[in-house]
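Since the model is a prediction, treat every value here as computed from it, not as a measurement. Both ligands and their constituent atoms are indexed starting at 1 by order of listing.
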Amino acid sequence: MKAARQASDLWWKNAVIYCLDAETFLDSDGDGCGDFAGLTQRVDYLAGMGVTCIWLMPFFPSPDLDDGYDVTDFYGVDPRLGTLGDFVEFVRTARHRGIRVIADLVVNHTSDRHPWFQAARSDRDSPYRDYYVWRDTPPADGDEGVVFPDAEDSLWELDEQTGQYYLHRFYAHQPDLNVAHPAVRDEVAKIIGFWLELGLSGFRVDAVPFFLEIESEVGDVDLDPHDYLRDLRAFLSRRRGDAVLLGEVNLDPAEQRRFFGDEDGDELHMLFNFIGMQAMYLSLARADAGALEEALRALPPVPPDNQWASFVRNHDELTLDKLSDAERAEVFAAFGPDEDMQLFGRGLRRRLPPMLDGDQRRIRMVYSLMFSLPGTPVLFYGEEIGMGENLAVEGRLSVRTPMQWSDERNAGFSDGDASTLPIAVVEDATYGSSAVNVADQRRDPESLLNWMERLIRRRSECPEFGWGEWQLIATAEPALFAHRCDWEGSTVIAVHNLSSRACTTTLEISEPDDCEGLIDLLGDRDEVPLEAGGLQLDLDPYAYRWFRVRRRGQRLLP
Ligand code: NOJ
């Protein structure tokens with residue numbers, strides 16, 4: 001049974017996840033908006049790259065005031081993106097190519113135009129009133145914890161019609177649902193069940209800690225938030241045993257562990273590694289691995305059937321909220337010194353390549369590092385070709401510009417008029433589609449795209465990174481981040497030089513006598529000897545090396 005469990009049941013342990021928004025991927029009908037029919041045409045592209053799971057950003061009917069995270073119907077497809085039929089065709093095509101699909105589950109709140117809220121605010125006696133959280137007066141701390149300080153100054157908004165305030169963790173047009181209400185919990189389960197029935201393999205759960213806030217919202221309710229999350233997980237698993245919950249839980253390490261589930265890891269299967277991501281940028285800025293090492297050491301232990309999800313950036317501001325003010329200032333100075341590159345005082349609205357001045361060695365080193373960190377790698381669309389951001393676009397949307405397929409009109413994303421695109425394409429000479437696009441990179445063996453494809457292939461062949469026990473390897477060079485992952489008698493070792501300086505180092509690696517050498521997994525050198533004193537390496541600036549220990553009697557892919 002063990003083998004079956006490892007090989008496929010926990011498929012997400014060794015997955016490569018790719019996040020995209022159908023709205024900005026490919027427009028099939030020239031109306032300016034990406035759609036499911038377009039996305040379906042590009043499934044082969046993703047399969048060719050080695051992606052094994054697509055994470056769809058919200059595609060539900062929405063006034064689109066928060067890029068779809070403001071839902072008016074949890075059971076539908078936004079007509080701009082196609083029909084439910086188009087959605088099912090896409091999921092079916094992806095499955096046929098061996099790709100699973102997960103989607104955002106945005107149930108912390110609805111749009112204020114959702115029929116539930118419309119009914120709730122029409123009358124204090126509406127049966128939908130308790131779907132939301134109401135107070136006669138906002139609590140004294142009602143202005144604390146505002147997530148979007150550019151737009152809001154309180155978590156409570158007065159509903160003029162009924163004279164009470166409603167809770168909204170995010171924008172005022174996103175009233176929070178009240179999960180203390182059994183009918184809301186039933187709805188959430190029904191939403192999950194609906195999309196699983198249509199072929200989804202799980203969900204990226206939006207804003208988990210906010211969604212689970214129960215007592216603080218409605219006072220004395222006898223519902224433990226983690227019991228609720230456990231129930232939700234149990235329901236999901238009953239409906240579809242291999243479905244996954246990947247949670248957005250950006251909390252301090254001490255608080256994160258509970259979201260995997262107290263004992264058995266029976267709540268969220270995976271959590272995004274926000275702490276590791278933020279520390280990685282600090283380490284990059286300092287060319288010193290210390291911050292990343294410290295952050296990984298501080299992470300709570302992960303139960304065997306759970307996992308971190310690693311990422312370089314996601315669709316939001318690249319948040320640095322868990323760094324100290326001084327540390328954040330260091331990262332800002334290194335990677336986003338202009339005020340216009342920063343957001344909410346806590347993050348950056350840039351993509352990686354421009355932050356690293358387009359230095360290909362450094363960009364590749366960062367992705368090699370991310371793919372080797374303990375966990376499952378998650379790419380944000382366009383990272384594989386090194387897309388940049390469009391700072392002329394407002395707020396977080398600067399990194400959500402249309403996918404750059406070619407140097408044709410609208411980056412090959414749409415035949416429509418540029419004024420009809422949901423977000424303007426990147427225009428500049430360095431990162432615009434004349435310089436950065438899929439079509440050109442497909443034909444260039446040295447391109448980032450082809451390199452990424454090779455990296456993904458290697459990563460998929462190294463389940464040790466996803467499944468194994470990880471351990472840092474001490475080095476005398478502060479700029480080097482070195483670690484090993486051991487799993488079922490197999491070992492991979494990765495070394496990353498975060499600095500622009502070349503160095504020579506000896507890594508202390510001791511292996512039993514059955515070690516016959518190290519297979520070089522990314523380079524063109526077949527095998528590196530393991531001397532008595534350890535592994536000696538000459539590392540170029542921003543070098544990245546992965547090795548697998550070759551043990552006597554093992555028949556590993558060279
Ligand atoms: C978190 C999402 O990542 C973000 O994009 C969104 O604005 C908020 N949740 C509100 O749904």
Side-chain angles (χ1 to χ4, degrees), residues 17-24 55-74 78 102-114 116-117 132-133 145-152 154-155 157 166-179 184 188 191 203-213 217 245-251 259 268 270-274 277-278 309 311-322 343-344 346-351 378-382 389 393-401 422-423:
I17 301 178
Y18 186 96
C19 169
L20 61 85
D21 189 342
E23 184 189 42
T24 49
W55 153 22
L56 289 177
M57 286 170 63
F59 54 82
F60 318 100
S62 162
D64 222 17
L65 300 178
D66 183 13
D67 206 15
Y69 284 90
D70 45 332
V71 177
T72 52
D73 175 6
F74 290 109
D78 191 317
I102 64 173
D104 256 288
L105 179 70
V106 191
V107 284
N108 171 70
H109 50 265
T110 66
S111 159
D112 61 357
R113 298 189 209 170
H114 194 291
W116 298 339
F117 192 70
Y132 298 89
V133 184
V146 168
V147 179
F148 299 129
D150 59 330
E152 306 296 341
S154 168
L155 305 185
E157 183 79 4
Y166 62 86
L167 176 69
H168 60 88
R169 267 289 171 180
F170 297 98
Y171 295 111
H173 61 75
Q174 292 167 315
D176 271 34
L177 281 166
N178 172 17
V179 290
V184 169
V188 172
I191 294 162
F203 300 89
R204 178 265 186 189
V205 192
D206 190 61
V208 180
F210 299 140
F211 166 56
L212 291 185
E213 269 177 347
E217 290 173 6
L245 294 177
L246 163 58
E248 185 193 27
V249 182
N250 180 16
L251 296 177
F259 290 81
L268 298 173
M270 288 202 280
L271 302 186
F272 286 104
N273 190 352
F274 279 98
M277 181 279 289
Q278 301 190 30
F311 61 108
V312 164
R313 78 151 303 116
N314 65 11
H315 59 290
D316 285 324
E317 80 279 8
L318 192 170
T319 185
L320 303 166
D321 65 337
K322 296 293 179 287
L343 205 58
F344 310 137
R346 62 171 184 251
L348 289 165
R349 52 190 214 105
R350 309 190 74 192
R351 282 181 178 252
V378 183
L379 282 173
F380 183 49
Y381 76 93
E389 68 278 348
V393 174
E394 196 210 329
R396 291 171 296 156
L397 300 186
S398 58
V399 300
R400 303 186 197 175
T401 57
I423 299 172

Student: Who are the residue neighbours of ligand 1 when the rule is a heavy atom under 4.0 Å from any of its atoms?
Tutor: D66, Y69, H109, F148, F170, R204, D206, E248, H315, D316, R396, R400

Student: For the residue pair H114 and F74, is the inter-centroid distance of their aromatic rings smaller than 6.0 Å?
Tutor: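 Yes.
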
Student: So, Q278 and D321: side-chain donor and acceptor under 3.5 Å apart, yes or no?
Tutor: yes

Student: Output all residues satisfying side chain to side chain donor-acceptor pair (under 3.5 Å) with D73, sequence neighbours left out; order by chain, then residue number.
Tutor: none

Student: Can you give me the closest heavy-atom contact between P149 and R346, atom names plus distance?
Tutor: CD-NH1, 4.2 Å

Student: Do NZ/NE/NH1/NH2 and the carboxylate oxygens of E389 and R351 come within less than 4.0 Å?
Tutor: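 No salt bridge links E389 with R351.
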
Student: Tell me if the centroids of the rings in F311 and W55 come within less than 6.0 Å of each other.
Tutor: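 No, the ring centres sit 6.0 Å or more apart.
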
